Amino acid sequence: MGSTVLSLRIDGELLDRLRQHAAKRGMSVQDYVVRTLIRDDFDERFKAAVDETEKFYGSQETAGIRAEEVT
């Protein structure tokens with residue numbers, strides 16, 4: 001899998017916040033942003049999979065799963 005360059009224009013205040021969050025984790029801003037995007041993408045794919053499972057098997061209550069177990 002190759003890599004591609006993505007260029008963003010963001011304001012200074014947002015960049016400062018990103019730098020602070022990245023520094024707390026000992027990461028570069030680039031690594032922090034990429035990991036955040038990957039995590040968000042996983043969350044969306046997981047939610048879509050749960051939604052499809054619910055469609056197939058029925059609602060959470062009929063499947064015997066409480067809502068707080070899924071989220």
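None of the values given here were measured: they were computed from a predicted structure.
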Give, for atom CG of L8 and atom CG of L6, the distance between the pair rounded to the nearest 0.5 Å. 4.5 Å

Could you measure the distance from the CZ atom of R19 to the CG atom of L14? Nearest 0.5 Å is fine. 10.5 Å

Sub-4.5 Å side-chain heavy-atom contact between D43 and K47: no

Salt bridge (charged side-chain N to carboxylate O under 4.0 Å, His left out) partners of D41, counting only residues at least two apart: R45

Would you tabulate the side-chain donor-acceptor contacts of residues 26-38 under 3.5 Å, counting partners in other chains and residues two or more places apart, or write 'none'?
| unit_1 | atom_1 | unit_2 | atom_2 | d |
| --- | --- | --- | --- | --- |
| S28 | OG | D31 | N | 3.0 |
| S28 | OG | D31 | OD2 | 3.3 |
| T36 | OG1 | Y32 | O | 2.8 |

